[in-house]
Each structure stands twice: as structure tokens, then as C-alpha cells.
There are 2 protein chains.
Amino acid sequence: MGRWQPNSRGRLEQAALELYVERGFAQTTVTEIARQAGLTERTFFRYFADKREVLFSGSAELQEVLIGAVAGAPEQAAPIDAVAAGLDAMGGVLRDLPRSRRRQSVISANPELQERELAKLATLSTAVADTLRGRGVQEPAATLAADAGIAVFRVSFERWIGGPDDGELRRFIKDSLAELKAVTSAS
Amino acid sequence: MGRWQPNSRGRLEQAALELYVERGFAQTTVTEIARQAGLTERTFFRYFADKREVLFSGSAELQEVLIGAVAGAPEQAAPIDAVAAGLDAMGGVLRDLPRSRRRQSVISANPELQERELAKLATLSTAVADTLRGRGVQEPAATLAADAGIAVFRVSFERWIGGPDDGELRRFIKDSLAELKAVTSAS
DNA sequence: CCGTTGATGTCAGGAGCTGACATCGCTGGC
DNA sequence: GCCAGCGATGTCAGCTCCTGACATCAACGG
């Protein structure tokens, strides 16, 4: 056994989510989170850039899955279809509906956290646009297709969270994508 | 003459923009801004919720113009065309290219400000979606059309900022919207 | 066996932000 | 004209977020 308990980062994440759910984001201090994880405030800030970031550690992995699928789409696939492949892959990763619901309830209750979530989604969008350009898609088509794709994800995620307990995110994504195409092709 | 100089809010906004441009957002303290405006830090926080908000006071007005035009679009217009009308109206309001460039240079240099900007754009998107629903558009079409519209605005604004000194935002919006339709109707 | 490394702790301090209360010209009723 | 209340601002204390500098000490490698 080492000098310290293992997995400090994970303990901090769990402690933070528990306390945020229990008493709210604003009413929880970083000192309390660290204390609950058996660490100090200073160590918290060595793992996370700020008090919000602790809720978004999974976004890096999600991004890898997303752009991996976009990059791996058939070479002749249209931009929007490559994006669709990426979204579908994300839908395959996000399977823990109860956890997503708890996390989202915390975020929905706090504007600062909503800002950070928007920033994360924007990062995803930028990464997708970069990947599309790597496939030869020109601007501004790459950015527009990426942004539209992220919009589809947001809508789908929300419907998944608010849907039945046995709902599958991938299905909502499929439906919303069809809606997007219908909407933008109008007129 | 009153007990105090008039237009405290405006003086704070101007002082903040000047200092942010001059020495950067992070290197400017609220106390310095207030001092430059002939006020105290406490008064700054009476006018603005936080240090970032002082750069976004115009967004409320912009939102009114946007949703006013969306609501005023011909009754039989498709959702995406109502959104297009709103974007065009915004393009008519944003005419001061040099000022937009200075402001945007500050925002681009600071992640915290980019987060706030994303939040403001998200607010616009939500307002547009609400207005579309008021026109009888169902979900998720309303949200998707609104999000796609905001994506078009972002792309257009960026191209306007980076374009020639005599560029007109409205023209970039027109072009980007056409691109969006082309991209999403593919496959 | 010892020097280095790396995760953590300790401490001091600046800056953002808030609540409570004070100040004092201005305004309206009398 | 006088006075009471209002409202914009100031003053002050204090919490929390976040950072830099330095200390600690088990584990690891030579």
C-alpha cells in the first residue's frame, strides 16, 4: 500500500457529485469536497482547474469517441452523415441514464455549470469541424455541419434524460437528426 | 448638477473595455475599472453581476431585435426563413465593425469570456426557439432551427470580423445561410 | 544505502463577490 | 420653506476561489 489512498481524482469527482447533489453547487465549498475525499483544497486544484471542471472529466473521452467515429466514416460519406456516425458512437457510450440524470440535475440548477457545459459542447463542435476538414470538407460547411450535429446531440440528450427509464440515447439521436434535415430543407 | 456624475453604467462599460484591451482581462481588477470610472468596486457589482458581464450589456437589445423580427416574419414563412429574417435584422444592428473587432479581440483572448459569450448565444437560441413555438412550430423543430440559425450567425460574425473593413454582416449572413441549407440537405 | 522523484500538505495572499449599514443630495407633500 | 423618505453610492467586514512557494516523506532506482 502506498503512502496515500489510490485514485485521488476519482475520489474527488465522486465526493463533488455527491455534495453538489446533496446541497447544491454554490453551497458546497472546495474545502468540503477535498475533506470528504480525504485530501486538501490545494490538491483539488492540482487535479481540476476550477470548482466546475470536476463535473466534466468525462468529456475528453467522449470527444475521442466522437471524432474517432467521424474520422472513421466511409470516405465518400457526406459531412452530415459522417457527423451522424460520430453522434451514434457517442450514443453508444452514454448508457448510464440514472447517473446522467443526477449529473444533469446539478448542471441545470446552476448557470455557471451550464456555461461550462456549453463550453464543452463548443469544444466538441470545434473538434468535429477540424476532423471534417481533415476529410476534405471546406469551410464554412465543416463548421455548420459540426454545429448542427451538436444541436442534434443537445436535443437528443435532453429528450433522453426526460424520457422513459429504458430509453436509448441512440434512438433519440436518430430521430432528431431526421428532424434537422426536415427543418433545414424547408422553404 | 446631481450629487454624482451621470451614466455610471456607461462609464463602467467604457472603462472596462479600455482596460481589458489595454492590459488584458485577467490582468485588470474590478477595483481598477471602478476607479477609472470614478466609482468604487461595490458599485461595479451593483450594475454588473460579475467581471465578465460588463462586456455583454448589449446582448439584451440584440435579442429584442432578433426575436422581434422572427415574430414579425410572414405567418406562412417556414421556421428557417423566420429565423433568417431575425438574423438579417441583427445584421442591420451590428454596423460598427471596429468596435466589434476590439470587443471580440478581448473575448477571443480569454476562455472565461468565451464561455460567457457562448452562454449569451445560447440565450438567444432559446429565445428564438420560444418565439418559433409561439408561431406554432413544434419541438424539436423549433430548437433545431434556432440552433442552426445561431450557428449561421457565429460563422457569419467571424467572417465579418476577419473580412475587409467595409464588409457588411448582413451579406455574410445571407451567404452562410445558403451554405447551411446545402450542407444539411446532403445525402 | 542514499539521492531523486512525485504526490500531497502547509501557508500566505490576492481577487471576486456579498451582506449590512452609513451617507447625503434630491424630491414631494405640507 | 421644511422635513421625511428615497435612492445612488460609499464603507467595511468577511467568505470563497484560486495560486505560488516551499516543506514533507514514502517509494523507487542505482
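We use all heavy atoms of the structure for the numbers below, so side chains are in, but hydrogens, waters and symmetry mates are not. Labels below follow one simple rule: chain letters A, B, ... track the order of the sequence lines, proteins then strands, and each chain is numbered from 1. This is a predicted model, so every value here is computed, not measured.
When side chains are defined from C-beta on, F44(B) does not count as touching T31(B), because their heavy atoms never get closer than 4.5 Å. Using a 4.5 Å heavy-atom threshold, the side chains of I80(B) and K181(B) count as touching.
In this structure, NZ of K51(B) is placed 18 Å from P of dC17(D), rounded to the nearest angstrom. Atom pair R35(A):CZ and dT16(D):P shows a separation of 14 Å (rounding to whole Å applied). As a whole-Å value, the separation of Q5(B) CD from dC26(C) C1' is 16 Å. Counting to the nearest Å, the P atom of dA15(C) and the CG atom of D50(A) are 19 Å from each other. Following rounding to the nearest Å, N7(A) (CG) and dT8(C) (C1') show an atom-to-atom distance of 15 Å. The distance between atom CZ of F44(A) and atom P of dT16(D), rounded to the nearest whole Å, is 15 Å. Summarising the geometry, the separation between CG on N110(B) and P on dG16(C) is reported as 12 Å, rounded to the nearest angstrom. Atom-to-atom, CZ of R116(B) to C1' of dG16(C) comes out at 13 Å; the value is rounded to the nearest Å.
One finds no side-chain N or O of T40(B) lying less than 4.0 angstrom from the OP1 or OP2 phosphate oxygen of dT9(D). Applying the 4.0 Å criterion to OP1 and OP2 of dG9(C), one finds that T43(A) has a side-chain N or O inside that range. The side chain of Y47(B) contributes an N or O atom lying less than 4.0 Å from OP1 or OP2 of dT9(D).
Of the possible donor and acceptor atoms, none in the side chain of D81(B) sits under 3.5 Å from a partner among the backbone N and O of A84(B).
R23(B) has a carboxylate O that lies under 4.0 Å from a charged side-chain N of E32(B), or vice versa, which qualifies the two as a salt bridge. Between R159(B) and D175(B) there is no salt bridge, since no side-chain N of the basic residue sits under 4.0 Å from a carboxylate O of the acidic one.
Residue F56(A) is grouped with residue V21(A) when hydrophobic side chains (ILVMFWY) are merged at heavy-atom distances under 4.5 angstrom, including chains of intermediate members. Placement of F157(A) and L118(A) in two distinct hydrophobic clusters is found when ILVMFWY residues are connected by side-chain heavy-atom separations under 4.5 Å, directly or transitively.
Checked against salt bridge (Lys or Arg N to Asp or Glu O under 4.0 Å), R135(B) has no partners two or more places apart in sequence or in another chain. In this view, E139(B) and R133(B) satisfy the salt bridge (Lys or Arg N to Asp or Glu O under 4.0 Å) rule, not counting sequence neighbours.
Residue L177(A) is tested with V83(A), V152(A), V155(A) for a side-chain contact (heavy atoms from CB on, under 4.5 Å); the sole match is V152(A).
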So which protein N/O to nucleotides 3-6 of chain C N/O distances come out below 3.5 Å?
none

Within the sub-3.5 Å range, which N or O atoms of nucleotides 18-22 of chain C have a protein N or O partner, and how far apart are they?
residue, atom, partner, partner atom, Å
dG19(C), N7, R42(B), NH2, 2.9
dG19(C), O6, R42(B), NE, 2.7

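If you check residues 8-30 of chain A against DNA chain C, the residues with a heavy atom closer than 4.0 Å are S8(A), listed by number.
Contacts classified as side-chain hydrogen bond (donor to acceptor under 3.5 Å, both in side chains) and involving residues 91-103 of chain A (residues at least two apart or in different chains) are given here: R101(A)-D165(A).
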